Amino acid sequence: MYFIIFYPIFTCLVGYLVFKVFSIFVKNSLYKQKKKLSEIANDILDEFDLEDSINAFISPEKMQQLEPELKAQISSFIHDKIPEKLPALAMFKGDKLMFKAEEIVIEEVRIRLPEIIKKSVESANYKDQIKQELTKKILKIPNSDWEGLVNYWVAPFLGKLQLVGAVLGFILGLAYIIFMFLYNFIFLSQ
């Protein structure tokens, strides 16, 4: 009769083990889902508007942020590389002509670079290329690394699920004891 006190502990253990087995089945099924993940990623990519992202990248504000680096590279090219390659222009080094050429090239790059990028993206089918590359990368993940990734992302949830199973088992065990005492008190004590 006194062994009924251990019933909540027993049901707690059973609840934990049931959810532990369930979590093992979930992990094993996720280990086999690499192909499905690549399909889901491709579906997400279909919803992603690549043109808007590219337009945001080549927006005037972003080009302004790139301008100091562009100016430095173009200045280095015009003042250092061109005089080396074309010695006839070396006599103009430091002259207004070189600075004017630098300004013209920077202005042309500022205007033409966004157009070139946009035209290149529109002419090529980048979305399909990105999808193919994404699928290849996901399928190339070694199984041991894939299992590690699945464990990393799913383990916290499944650990909590096992804890919920243990708590649920304990609560059901206590409820069983309470109902047994109530049953005994109401129906059998007369």
Side-chain angles (χ1 to χ4, degrees), residues 1-66 69 114 117-118 120-122 124-190:
M1 175 73 182
Y2 293 107
F3 290 115
I4 200 164
I5 295 171
F6 295 110
Y7 193 74
I9 296 170
F10 174 72
T11 56
C12 176
L13 181 63
V14 169
Y16 173 80
L17 291 176
V18 166
F19 280 90
K20 179 75 173 172
V21 169
F22 173 74
S23 65
I24 290 171
F25 283 126
V26 168
K27 278 185 188 179
N28 285 336
S29 68
L30 289 175
Y31 292 156
K32 300 172 186 170
Q33 298 296 324
K34 269 201 280 189
K35 180 71 174 161
K36 185 69 174 172
L37 176 68
S38 66
E39 292 170 5
I40 291 170
N42 286 333
D43 290 342
I44 291 171
L45 192 59
D46 282 337
E47 299 298 320
F48 183 67
D49 194 6
L50 190 61
E51 289 77 22
D52 284 347
S53 297
I54 291 172
N55 287 336
F57 176 72
I58 60 176
S59 69
E61 297 84 27
K62 289 289 186 178
M63 295 309 287
Q64 287 290 337
Q65 291 175 355
L66 293 174
E69 181 64 28
I117 292 172
K118 194 169 189 174
S120 174
V121 169
E122 288 172 356
N125 196 356
Y126 278 102
K127 230 177 202 180
D128 288 339
Q129 291 175 357
I130 292 171
K131 282 183 190 178
Q132 291 171 355
E133 191 65 29
L134 184 64
T135 301
K136 273 195 265 182
K137 293 286 184 183
I138 289 173
L139 294 178
K140 278 186 180 178
I141 297 173
N143 287 338
S144 60
D145 292 347
W146 176 251
E147 289 176 8
L149 287 171
V150 168
N151 287 337
Y152 176 76
W153 290 107
V154 177
F157 170 72
L158 293 179
K160 290 176 185 172
L161 191 65
Q162 293 166 12
L163 182 63
V164 166
V167 169
L168 186 63
F170 186 77
I171 291 171
L172 289 174
L174 284 177
Y176 178 75
I177 290 174
I178 292 169
F179 288 132
M180 288 303 292
F181 279 125
L182 286 175
Y183 178 78
N184 188 25
F185 180 71
I186 294 172
F187 295 112
L188 299 179
S189 64
Q190 298 174 6

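Just so we're clear, the structure is a prediction, and the values are computed from it rather than from any experiment.
- E39 is listed as a side-chain neighbour of K36, based on a closest heavy-atom distance under 4.5 Å.
- Proximity of a side-chain donor or acceptor of N184 to a complementary backbone N or O of M180 within less than 3.5 Å is not detected.
- In this structure, CG on L163 lies 9.5 Å from OH on Y16, to the nearest 0.5 angstrom.
- The distance from atom CG of L182 to atom CD1 of I177, rounded to the nearest 0.5 Å, is 12.0 Å.
- Minimum interatomic distance between T11 and G173 (heavy atoms only, all atoms of both residues): OG1-CA, 3.3 Å.
- I138 contributes atom CD1, which lies 10.5 Å from atom CG of L149 (distance to the nearest 0.5 angstrom).
- Closest approach of K27 and L158 over heavy atoms only: CG-CD1, 3.6 Å.
- Atom CZ in F179 sits 10.5 Å away from atom CD1 in I186 (nearest 0.5 Å).
- With a 4.5 Å cut-off on side-chain heavy atoms, F22 and L161 count as touching.
- Of all the heavy atoms in L134 and A41, the pair that sits closest is CD2-CB, 3.4 Å.
- For the atom pair I141 CD1 and K137 NZ, the distance stands at 10.0 Å (nearest 0.5 Å).
- Of the inter-residue distances, the one linking K20 atom NZ with L13 atom CG reads 12.5 Å to the nearest 0.5 angstrom.
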